Number of protein chains: 2
Amino acid sequence: MRTDTVYKKAFNRAATMLRDGQLSGELPSENELRRRMGVSRTTVRKVLGELAHRELVAERGGVRTAGRAVEDSDYYPDAETTSRANHVEQQFMEWMLRGDTRPGTSINELELARQFGVATNGIREFLIRFSRFGLLEKRPNTGWLFKGFTEDFALELFEIRVMFELRSAHLFSRQPNTSPLWDKLAALKVAHTELLKRIESRYHDFSGLDNRFHRLINEASPNRFIDDFYDIISFIFHYHYQWNKHDELQRNQAAILEHLAYIDALESRDPERIRRACQAHLASAKATLMRSLV
Amino acid sequence: MRTDTVYKKAFNRAATMLRDGQLSGELPSENELRRRMGVSRTTVRKVLGELAHRELVAERGGVRTAGRAVEDSDYYPDAETTSRANHVEQQFMEWMLRGDTRPGTSINELELARQFGVATNGIREFLIRFSRFGLLEKRPNTGWLFKGFTEDFALELFEIRVMFELRSAHLFSRQPNTSPLWDKLAALKVAHTELLKRIESRYHDFSGLDNRFHRLINEASPNRFIDDFYDIISFIFHYHYQWNKHDELQRNQAAILEHLAYIDALESRDPERIRRACQAHLASAKATLMRSLV
DNA sequence: AGCATGAACTTTATCCATAAAAAACAACTT
DNA sequence: AAGTTGTTTTTTATGGATAAAGTTCATGCT
């Protein structure tokens with residue numbers, strides 16, 4: 001049966017909105033809520049129904065207002081708000097990055113399905129999706145070959161990353177001075193400086209900033225294949241560093257400094273300086289990753 | 001139910017081997033046949049069973065020999081030898097490239113499933129696989145957005161292709177003179193010249209040659225992401241030109257000449273000359289594609 | 001006419017079942 | 001011992017069913 005995670009997540013969101021007083025007085029129309037929560041009206045109605053049932057909202061003559069106070073126990077547990085597909089993704093990544101699965105191992109849909117507690121279909125869909133990351137290969141009628149998160153993989157990944165980023169950085173710097181992206185870059189620079197000041201406690205926030213920065217650079221000259229490739233990078237890094245927290249503070253601090261130098265270089269419009277700053281940053285990111293692979 | 005296309009294709013192959021006298025005298029062992037045909041022994045046995053049943057092979061005391069002559073009617077029809085997944089691929093590509101599907105249309109799994117006569121599962125798997133080609137986008141819980149085989153797509157595709165190919169060609173030329181790839185290149189050069197002589201009748205053979213050539217260039221410095229990208233190119237071109245035969249002879253003839261110039265440039269090891277030959281060839285491939293998109 | 005709710009219909013996410021194909025095991029033969 | 005063939009077990013490819021979520025239609029209210 002399909003999970004009702006969309007509903008549960010929406011319900012939790014609505015509960016938070018109620019608690020934070022974002023829905024004071026008469027509640028907005030179903031359509032308005034739908035827009036705010038990004039789900040269908042059908043789901044909104046289901047949420048409203050349950051909220052009314054639990055007296056979190058009061059319905060009097062077709063008018064809805066906030067009801068009793070929201071309690072912690074009103075929320076659905078987080079585990080019930082992620083779809084099966086998401087569960088599979090997380091479990092697989094953990095299996096791959098944590099476990100000691102050797103490169104060259106073959107992957108068995110049925111076995112993973114049993115291990116993760118889902119139907120084989122879900123496993124297969126995930127593997128198909130994931131195979132574009134270059135870590136898997138499908139052998140028809142037979143199964144999947146796990147190629148491993150190896151040094152080779154990292155080298156090949158970074159070779160492309162450098163090519164793409166040099167290209168994008170160059171094109172970024174050639175934009176007219178009137179481009180709004182320059183302002184966005186300036187804003188990001190500020191964000192970096194701010195984070196640097198508080199790095200001791202907030203070093204966790206760097207990964208979001210990193211993402212924004214690299215995506216901004218690509219924005220000046222969009223190319224779907226480059227964007228897709230950056231998806232691979234984000235994905236891999238997200239999971240890899242999620243389970244590999246070693247030296248996180250130092251790593252991130254160093255990266256912020258590199259970003260700042262990189263931003264300055266971009267602002268200088270000097271091609272050679274840009275090239276150097278970009279390469280320096282990527283070389284260090286690569287070294288960090290390689291070190292953690294040993 | 002799973003299709004028995006693997007068996008039927010294997011059967012047809014075996015029939016051809018029998019007809020062509022590749023299996024004269026006592027037939028090879030099941031294991032040997034398995035190796036030659038690239039299927040499991042289970043399938044080999046099924047094929048042998050049917051061959052015996054139809055008296056195409058004779059079994060006397062555990063020894064198998066060729067039986068009566070193979071007739072055309074012994075073959076399974078081609079349509080029965082392609083898996084559902086393959087059917088879906090072909091039908092979808094036809095739907096996309098032939099039909100007048102506008103960019104921005106949304107794709108409906110159920111509708112395609114009905115139209116192609118398969119279960120939704122198969123459609124979905126295909127779409128997931130295909131989405132890495134940059135022509136589709138999945139919107140969860142909602143459906144798929146068809147982005148269209150547009151001019152933008154072609155421009156972005158070629159931007160990457162040029163980057164990758166310049167990189168690979170450069171690295172190819174830096175190989176030591178002792179590398180066996182130089183011999184392969186020389187062999188390909190001969191094949192090109194041969195084909196050029198017979199171009200009037202054999203122009204169809206170019207696409208195989210084209211593939212071999214570009215893959216050879218990448219072989220000197222393997223990178224899975226570049227290989228994967230080349231898969232996209234092959235796939236797209238394969239289907240696009242399958243239904244777009246306009247000027248095929250001229251196109252291919254011109255491309256052969258470009259390849260020959262390109263090969264000569266590589267053999268010269270002169271970086272600048274290589275760059276020019278490579279760019280010239282890709283520019284012309286791009287122009288051809290763009291022209292056909294109008 | 002334009003927006004709100006209610007109800008009906010369609011599509012997606014997910015599980016389950018099963019024939020075909022592969023793989024593993026077993027028993028023989030040379 | 002290595003290679004055969006026969007048999008059993010496991011896994012993949014594919015169809016089908018259904019609750020959840022999305023979309024469209026219908027009705028009513030300003």
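So you know, we letter chains A, B, ... as the sequences are listed, proteins then strands, and number each from 1. Keep in mind that this is a model prediction, so the values were computed, not measured.
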In whole Å, I'd like the distance from the CZ atom of R64(B) to the P atom of dT4(D). 11 Å
If you draw a 6.0 Å radius around CD in E151(A), do more than 12 non-hydrogen atoms from other residues or ligands fall strictly inside? no
Result for 5'-nearest mapping on DNA chain D, choosing between R41(A) and M1(A), is M1(A)
Distance-only donor-acceptor test (3.5 Å): side chain R139(B), base dG22(D): no
Using a 4.0 Å heavy-atom cut-off, does T142(B) contact any base of the nucleic acid, only the sugar-phosphate backbone, or nothing at all? sugar-phosphate
Return whichever of N141(B) or T3(B) has its heavy-atom-nearest nucleotide of DNA chain D closer to the 5' end. T3(B)
Just how far, in rounded Å, is P of dT7(D) from CD of E30(B)? 11 Å
Less than 4.0 angstrom from a charged side-chain N to a carboxylate O is my criterion; do R64(B) and E30(B) meet it? yes
So K8(B), base contact, sugar-phosphate only, or nothing? Heavy-atom distance under 4.0 Å. nothing
Could you check whether any side-chain N or O of E156(B) sits under 3.5 Å from a backbone N or O of R224(A), counting only pairs where one atom can act as donor and the other as acceptor? yes
Rounded to the Å, how far apart are R45(B) CZ and dT4(D) P? 13 Å
What nucleic acid atoms does R34(B) come within less than 4.0 Å of, heavy atoms only: base, sugar-phosphate, or nothing? nothing
At a heavy-atom distance below 4.0 Å, which nucleotide of DNA chain C is the first touched by chain B, and which is the last? dT11(C) to dA24(C)
Would you please classify the geometry between the F133(B) ring and the F130(B) ring as parallel, tilted or perpendicular, with 30° and 60° separating the classes? tilted
Can you see if the side chain of R2(A) gets near the phosphate of dA17(D) - specifically, an N or O under 4.0 Å from OP1 or OP2? no
Should the ring pair Y76(A) and F11(A) be called parallel, tilted or perpendicular, given that the plane angle runs from 0 to 90° and is split at 30 and 60? perpendicular
Between V39(B) and L110(B), which is nearer to the 5' end of DNA chain C once each is assigned its nearest nucleotide? L110(B)
Is there a donor and acceptor pair closer than 3.5 Å between the side chain of S29(B) and the base of dG3(D)? no
Before accepting this row, confirm whether a basic side-chain N of the pair D72(A)/R19(A) lies closer than 4.0 Å to the acidic partner's carboxylate O. yes
L48(B) has an atom CG; how far is it from atom P of dT5(D), in whole Å? 9 Å
Can you confirm whether D20(B) is buried at CG, in the sense that more than 12 heavy atoms of other residues, nucleotides or ligands lie under 6.0 Å from that atom? yes
A quick test of your reading: do over 12 heavy atoms of other residues, nucleotides or ligands sit less than 6.0 Å from CZ of R139(B)? yes
Is the distance from the ring center of Y239(A) to that of F235(A) below 6.0 Å? yes
Under 4.0 Å, counting only non-hydrogen atoms across every strand here, what does K138(A) touch: a base, just sugar-phosphate, or nothing? sugar-phosphate
Among residues 113-129 of chain B, which residues get a heavy atom nearer than 4.0 Å to DNA chain C? R114(B), N121(B), R124(B)
